[in-house]
Number of protein chains: 2
Amino acid sequence: MTPATAALFDALGDPTRRAIVSRIARGPVSVSALATPLGISLTAVGQHLRLLEKAGLVLSEKQGRTRSCALRPEGLRAVEQWAQACRKEWEARLDRLGDLLDALPDA
Amino acid sequence: MTPATAALFDALGDPTRRAIVSRIARGPVSVSALATPLGISLTAVGQHLRLLEKAGLVLSEKQGRTRSCALRPEGLRAVEQWAQACRKEWEARLDRLGDLLDALPDA
DNA sequence: TGAAAAGTCAAGTTGTTGCTTCAGTATCAG
DNA sequence: CTGATACTGAAGCAACAACTTGACTTTTCA
């Protein structure tokens, strides 16, 4: 697993950050808009955002006095790909095993 | 996000557990076989396994004095699906935005 | 039978991390 | 200009989680 992918799963390992990602997926939001429903401080959201941004899941930009947060779909795609790679590796093994059994004399 | 999916991401939020999943994906292994390359105790691996099993990523069964650990592909599939759902939601939004711009008079 | 191997259980330690508060900066609205 | 809003930075705290050790059980095999 590449360090970049590790950062993605580390980031998504926290429920608050997952909620933030979910919310951002519905459209760009400000820091306050994220903080309010979560019931945590702006500072806390800022800390999560920095991590999410570092992981490549989110992109944010300051517009005036507010910060607008957007999703980086590539981050999520990398998550999908790692999970899929693991799964496929396992399933391929099962397939080979099945073929082997099929090839047994008088199966 | 469903509690089951949350458990999946919580489980994959730890680098050691991701390494365990990666290893198991290559084929069934014992607890010792997992512990050795990680350089941690059997106890530690056991604790991770319990969590992974609870999350639905791994299935293990004791055979004699060793425990054989297998992958549960459905767990990984759920991970893929959550990431994909978020991503698609965002991308759909971008598409709608594009359509809107295309429909503008004298674009 | 008895020693080694594989794992489990309970309890304890320690580092990390998610969050807070407080103080500060920058921007907007009247 | 003034007050309010939106955020940022530094510092500190408290809970959790990963791991360890030591004692124990069960299985293997020579």
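Worth knowing before you read on, the calculation uses all heavy atoms, side chains too, and leaves out hydrogens, waters and symmetry mates. The chains referred to below are lettered A, B, ... by the order of the sequence lines, with proteins before strands, and numbering in each begins at 1.
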Nucleic acid contacts - residues 34-41 of chain B versus DNA chain D, non-hydrogen atoms under 4.0 Å: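 Contacting residues: Ile40(B), Ser41(B).
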Which heavy atom of Cys86(A) sits nearest a heavy atom of Ala25(B), and at what distance? O-CB, 3.6 Å
Taking only side-chain nitrogens and oxygens of Arg17(B), does any of them come within less than 4.0 Å of OP1 or OP2 of dA17(D)? no
Side-chain touch [X]/[Y], heavy atoms, less than 4.5 angstrom:
| X | Y | answer |
| --- | --- | --- |
| Ile20(B) | Val29(B) | no |
| Leu59(B) | Arg72(B) | yes |
| Leu34(B) | Arg23(B) | yes |
| Val21(A) | Trp90(B) | no |

Kindly give the atom pairs (protein nitrogen or oxygen, nucleotide nitrogen or oxygen) under 3.5 Å for nucleotides 27-30 of chain D.
none

Roughly, in whole Å, what's the span from [atom1] in [X] to [atom2] in [N]?
| X | N | atom1 | atom2 | answer |
| --- | --- | --- | --- | --- |
| His48(B) | dC9(C) | NE2 | P | 16 Å |
| Leu51(B) | dC19(D) | CG | P | 11 Å |
| Ile20(A) | dG18(C) | CD1 | C1' | 11 Å |

Enter the distance from Ser68(B):OG to Glu61(B):CD here, rounded to the nearest 0.5 Å.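 Result: 7.5 Å between the selected atoms.
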What distance do Leu12(B) atom CG and Leu12(A) atom CG have between them, rounded to the nearest 0.5 Å?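 Between Leu12(B) CG and Leu12(A) CG, I get 10.0 Å after rounding to 0.5 Å.
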I need the full list of side chain to side chain donor-acceptor pair (under 3.5 Å) pairs touching residues 2-15 of chain B, with sequence neighbours left out, sorted by first then second residue.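 Non-adjacent pairs meeting side chain to side chain donor-acceptor pair (under 3.5 Å): Arg18(A)-Asp10(B).
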Pairs satisfying side chain to side chain donor-acceptor pair (under 3.5 Å), at least one member in residues 51-60 of chain B, at least two apart: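 Of all non-adjacent pairs touching residues 51-60 of chain B, those that pass side chain to side chain donor-acceptor pair (under 3.5 Å) are Glu53(B)-Ser60(B), Ser60(B)-Arg67(B).
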Can you list every pair that meets salt bridge (Lys or Arg N to Asp or Glu O under 4.0 Å) and has a residue in residues 76-86 of chain B, with sequence neighbours left out?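 Residue pairs passing salt bridge (Lys or Arg N to Asp or Glu O under 4.0 Å), neighbours aside: Arg87(A)-Glu80(B), Glu91(A)-Arg77(B).
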For nucleotides 8-10 of chain D, which of its nitrogen or oxygen atoms have a protein nitrogen or oxygen under 3.5 Å away, and what is each distance?
unit_1	atom_1	unit_2	atom_2	d
dT8(D)	OP1	Arg67(A)	NE	2.6
dT8(D)	OP1	Arg67(A)	NH2	2.9
dG9(D)	O6	Thr43(A)	OG1	3.1

